[in-house]
Colleague: 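Dropping a structure here in structure tokens format, bear with me for questions.
Bear in mind the structure is a predicted one, so any value in this text is a computation, not a measurement.
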Amino acid sequence: KIGVPIALQDGFIQISFIIITIIANQRGLNDAAAVGIVEKIMSFLFLVPSSMLSTVSALGAQNIGANKPERAVRTLFYAAMIAVGFGAAVIVLVQFLAEPAVALFTDASSQSGAQVVRLGGQYIKGYIWDCLFAGIHFSFSGYFCACGKSGLSFMHNLFAIVLVRVPGVYLTSKFFADTLLPMGLATAAGSLLSVMICVIAFTVLRKKQKIVLAGG
């Protein structure tokens, strides 16, 4: 009941990024190299947002088990605030350091290398917004898992992948052939949808919990 949705969620997320890589590869060698480099940078930056899921899940479950649900909610709130603070900081930094960061992984003095740096800078400037949005929905996912509602975490990730992330990347790849910025923004837009779904699900779940407590 809890483990299967989480396993499916992680599997679908990995599949979605494989599809995004395939789409980038179809644009040419430089685009594929730029996306590959940015994915590695983002994997490092995502260590902080992704840690919020396990943090809220563990601490939230402890407090819910101790019959202190409000402390679990505060854990969610503080984790989301940490994620937002970190996300905002890296968003600002990347707007100034995007190209130098990508240049660490290629020879910017060559013609193809300079092109990879330019395209990678565009992609990460859009993609970096995912650090903020993902940190928020990771925190909510941890809270849902703590409540034994991991299906909610699976649901919002599935909707984000199917409705926004994959089709958004495909369409922006077709309509914006000269830049990778829209592709990066499309990836982040998937997480934004997840945040909206999480807020709605959290509101409904809290109302149900209060009704149960009032009835008890």
Side-chain angles (χ1 to χ4, degrees), residues 9-55 82-139 157 160-161 164-195:
Q9 166 191 318
D10 290 345
F12 283 138
I13 290 173
Q14 296 305 316
I15 291 172
S16 73
F17 283 108
I18 290 174
I19 295 173
I20 291 172
T21 302
I22 293 172
I23 294 172
N25 289 345
Q26 293 175 345
R27 289 172 58 107
L29 183 60
N30 290 334
D31 294 71
V35 170
I37 290 171
V38 171
E39 290 290 352
K40 296 301 180 184
I41 296 173
M42 292 297 293
S43 295
F44 172 73
L45 294 177
F46 257 64
L47 290 174
V48 173
S50 61
S51 68
M52 293 299 104
L53 193 156
S54 55
T55 299
I82 292 171
V84 168
F86 174 79
V90 294
I91 286 171
V92 172
L93 287 174
V94 162
Q95 303 311 312
F96 297 99
L97 302 176
E99 286 80 7
V102 176
L104 293 173
F105 299 88
T106 187
D107 181 11
S109 62
S110 65
Q111 182 177 355
S112 61
Q115 184 73 348
V116 169
V117 170
R118 182 181 70 84
L119 292 168
Q122 295 170 351
Y123 187 56
I124 197 171
K125 284 180 180 179
Y127 193 177
I128 194 63
W129 286 88
D130 204 16
C131 259
L132 190 152
F133 299 135
I136 298 173
H137 76 70
F138 278 147
S139 299
N157 276 288
I161 291 168
V164 178
R165 187 169 291 132
V166 171
V169 168
Y170 175 77
L171 292 174
T172 53
S173 174
K174 294 299 182 182
F175 289 114
F176 300 93
D178 297 328
T179 176
L180 288 177
L181 176 63
M183 280 183 62
L185 292 172
T187 303
S191 289
L192 178 58
L193 176 62
S194 282
V195 171

Colleague: Is Ser194 close to Phe133 at the side-chain level, that is, under 4.5 Å between some pair of heavy atoms?
Modeller: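 Heavy-atom side-chain distance check fails, nothing below 4.5 Å.
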
Colleague: What is the minimum heavy-atom distance between Val38 and Gly120, and which atoms define it?
Modeller: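 Looks like CG2-O, 3.4 Å.
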
Colleague: What closest approach, in Å, do Ala134 and Phe46 show between heavy atoms, and which atom pair accounts for it?
Modeller: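 So the two residues come closest at CB-CE2, 3.6 Å.
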
Colleague: I need the Ile124 CD1 to Asp130 CG distance, nearest 0.5 Å.
Modeller: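 Answer for the CD1-CG pair, Ile124 versus Asp130, is 11.5 Å.
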
Colleague: For Ser112 and Asn30, what are the C-alpha separation, side-chain angles and deciding distance, and is it a side chain to side chain contact (heavy atoms under 4.5 Å, CB included)?
Modeller: CA-CA 7 Å; Ser112 61; Asn30 290 334; 3.8 Å; yes

Colleague: Not counting sequence neighbours, list each pair that qualifies as a side-chain hydrogen bond (donor to acceptor under 3.5 Å, both in side chains) and has a residue in residues 164-173.
Modeller: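 Non-adjacent pairs meeting side-chain hydrogen bond (donor to acceptor under 3.5 Å, both in side chains): Arg165-Ser191.
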
Colleague: Can you give me the closest heavy-atom contact between Ala108 and Ala114, atom names plus distance?
Modeller: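 Distance-wise, the nearest heavy atoms are O-CB, 3.6 Å.
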
Colleague: For the OG1 atom of Thr21 and the CD atom of Gln26, what is their distance to the nearest 0.5 Å?
Modeller: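 The OG1 atom of Thr21 sits 11.5 Å away from the CD atom of Gln26.
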
Colleague: Is there a side-chain contact between Ile91 and Cys131, using heavy atoms and a 4.5 Å cut-off?
Modeller: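 The answer is no, as the side chains (C-beta and beyond) never meet within the 4.5 Å cut-off.
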
Colleague: Name all pairs fulfilling the side-chain hydrogen bond (donor to acceptor under 3.5 Å, both in side chains) condition that reach into residues 82-109, sequence neighbours left out, sorted by first residue then second.
Modeller: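 The answer is Asp107-Ser109.
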
Colleague: Roughly how far, to the nearest 0.5 Å, is the NZ atom of Lys174 from the CG atom of Leu171?
Modeller: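 Reported to 0.5 Å precision, the distance equals 10.0 Å.
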
Colleague: Measure the CZ-CD distance between Phe176 and Gln122 for me, rounded to the nearest 0.5 Å.
Modeller: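 Going from CZ on Phe176 over to CD on Gln122, the span is 12.0 Å.
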
Colleague: Considering only residues two or more places apart or on different chains, which pairs with a residue in residues 104-127 satisfy ring-ring contact (aromatic ring centres under 6.0 Å, His included)?
Modeller: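 Only Tyr123-Tyr127 qualify under ring-ring contact (aromatic ring centres under 6.0 Å, His included).
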
Colleague: Over all heavy atoms of both residues, which pair between Val35 and Ala24 is shortest? Give the atoms and the distance, please.
Modeller: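 In this case the closest contact between Val35 and Ala24 is CG2-CB, 3.6 Å.
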
Colleague: Asp31: which residues meet the salt bridge (Lys or Arg N to Asp or Glu O under 4.0 Å) condition with it, sequence neighbours left out?
Modeller: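 Partners of Asp31 by the salt bridge (Lys or Arg N to Asp or Glu O under 4.0 Å) criterion, ordered by chain and then number, come out as Arg27.
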
Colleague: Below 4.5 Å, heavy atoms only, C-beta onward: do Ile128 and Met42 meet side chain to side chain?
Modeller: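 Yes, at least one pair of side-chain atoms sits under 4.5 Å.
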
Colleague: According to salt bridge (Lys or Arg N to Asp or Glu O under 4.0 Å), does anything in residues 41-55 pair up with another residue at least two apart or in another chain? List the pairs.
Modeller: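 Qualifying pairs: none.
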
Colleague: Which atoms form the tightest heavy-atom contact between Val166 and Ile23, and what is the distance?
Modeller: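 Answer, listing the atom of Val166 first, then Ile23: O-CD1, 4.4 Å.
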
Colleague: Quick check for you: to the nearest 0.5 Å, what is the distance between Leu185 atom CG and Leu180 atom CG?
Modeller: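 That separation rounds to 11.0 Å.
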
Colleague: What closest approach, in Å, do Leu119 and Asp178 show between heavy atoms, and which atom pair accounts for it?
Modeller: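 Of all heavy-atom pairs spanning Leu119 and Asp178, the closest is CD2-O, 4.4 Å.
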
Colleague: Yes or no on side chain to side chain contact (heavy atoms under 4.5 Å, CB included) for Phe17 and Thr187, after CA distance, side-chain angles and deciding distance?
Modeller: CA-CA 9 Å; Phe17 283 108; Thr187 303; 4.1 Å; yes

Colleague: Would you please name every residue forming a salt bridge (Lys or Arg N to Asp or Glu O under 4.0 Å) with Glu39, sequence neighbours left out?
Modeller: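 None.
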
